[in-house]
Amino acid sequence: MRIAVIGTGYVGLVVGTCFAETGNTIVCADVDQKKIDLLNGGGIPIYEPGLEELIRRNVAEERLSFTTDVAQAVKDATVIFIAVGTPQGDDGSADLQYVLAVASTIGENMNGYKLVVDKSTVPVGTARKVAATIASKTSEQFDVVSNPEFLKEGTALDDFMKPDRVVIGADDPRAAEIMRELYAPFVRTNKPILIMDPESAELTKYAANSLLATRISFMNEIAQLCDRVGASFSKVREGIGTDARLGTSFLFAGVGYGGSCFPKDVRAVAKTARDHDFEFKILDAVVDVNERQKSYLVEKVMRHYGGDVAGKRFAVWGLSFKPRTDDMREAPSLTIINALLAAGATIVATDPEAIEEAKRHLGDRIGYTNKPMEAADGANALLLLTEWNEFRNPDFDQLKGRMQEPVIFDGRNVYSPARVRERGFTYYGIGNDSGK
Ligand code: NAD
């Protein structure tokens, strides 16, 4: 199949590359000239494990190419994926300007039947809006289907190639059939392709992200309670995670969720609810709890230093919003670092992949190094903010020797409180301060 993927970001690039890998001919189009030049020069604009190699192979075999000529990409394709951003608007709603701009471009360049696929995360009713926009520009035949994406940055290739399920919102059975054919290579282990109406497909994506975010905020509140009542969060987590009804995933406490999806998607659902005269009380609380959680580690730091961190130097390990990505969008590290800088502290940070992205957000207001031990040199405390594997087993004796004071604020509960304390550190976790 000849496919155009419009929007070559974290999602578009993975989707395009994976469909090329199964033998389709893919053109990835983007309005960002720098991104396309980089890809055409053999580079890759994001960090995603395994992606670079897969892109290289599919480009070499001429199944994958990149262009800024969106109009031509539309003309040449039968199936067109819309994978542009849907950032948060001022009122919390999803900003559809990029999706609808692409819909206009598609309408203006129709030269026969096209199947248009909404891959971006969009509010209920968007497939109909996209269809209306295209229809206002052409009398050619087309279908619009909703096909939300569930990949996670850091494991995006595996998630896309081996999905738990594929959700397709299609009114037209022929359109649904084309989608089935396209996804058949990825569901060989009998994972379901769920065909439903576009509205249900659109809401499925938001419901899934909102429920995951709810679990995170819930566990973060349990952790805060653990610190206050002297319970151990790790023990409580284990105790409830072994209940088959609850399961073990998404039970971790930390410094709050971030990234390009949960924050905006939860707010978008709450806004959709308000637009329909419905107060989605749980989601409003999920947002509030997450905001509060981002300050929780800073509160611990301030308390440890008697409310004054002016002149203190902190080592930050981990900047990206989660491991195995360079994505810094809404990363909790930004809130924490900004709060400590505002209180007069200095910071040297390290991250295996996100330093360049972090510089775009923080500039030269902090120091950077790609060596974790160097970041710790002369530090009054270490703040662990992203649980990259690289940070899990440091040489604690060397670490202690390099730091001015052996204090660890573990924002991801990576270390065993008992073991770290045995080695002479003062340790704070999230819900693990009881030391049990
Ligand atoms: P992104 O910001 O990384 O990429 C979007 C790309 O679209 C950019 O490269 C931008 O230049 C391009 N673009 C904007 N307007 C365009 C236009 N008119 N024509 C062509 N290109 C245009 O975004 P992303 O993280 O890939 O997310 C895309 C969508 O997928 C969002 O709706 C997001 O919510 C959803 N999603 C993201 C993830 C994730 O993990 N990042 C997972 C599932 C779903």
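When a ligand or atom number is given, it counts from 1 through the structure's own listing order.
- Asp32 has no carboxylate O lying under 4.0 Å from a charged side-chain N of Lys34, or vice versa, which leaves the two without a salt bridge.
- For Tyr415 and Tyr427, the ring centers sit 6.0 Å or farther from each other.
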Check each N or O atom of ligand 1 against all protein N or O atoms and list the pairs under 3.5 Å, with atom names and distances to 0.1 Å, one per line.
unit_1	atom_1	unit_2	atom_2	d
ligand 1	2 (O)	Arg329	NH1	3.2
ligand 1	3 (O)	Tyr10	N	3.2
ligand 1	9 (O)	Asp30	OD1	3.4
ligand 1	9 (O)	Asp30	OD2	2.6
ligand 1	9 (O)	Lys35	NZ	2.6
ligand 1	11 (O)	Asp30	OD1	2.6
ligand 1	25 (O)	Arg329	NH2	3.0
ligand 1	26 (O)	Tyr10	N	3.0
ligand 1	26 (O)	Val11	N	2.8
ligand 1	32 (O)	Thr86	OG1	2.6
ligand 1	32 (O)	Thr121	N	2.9
ligand 1	34 (O)	Thr121	OG1	3.4
ligand 1	34 (O)	Lys264	NZ	2.6
ligand 1	40 (O)	Glu153	OE2	3.3
ligand 1	41 (N)	Glu153	OE2	2.7
ligand 1	41 (N)	Ser260	OG	3.4

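- Aromatic rings from Phe19 and Tyr183 are positioned such that their centres are separated by under 6.0 Å.
- Using a 4.0 Å cut-off between charged side-chain N and carboxylate O, Lys205 and Glu202 make no salt bridge.
- The six-membered or imidazole ring of Tyr296 lies away from that of Phe409, with a centre-to-centre distance of 6.0 Å or more.
- Checked by atom type, the side-chain pair Asn147/Asp118 shows no donor-acceptor distance below 3.5 Å.
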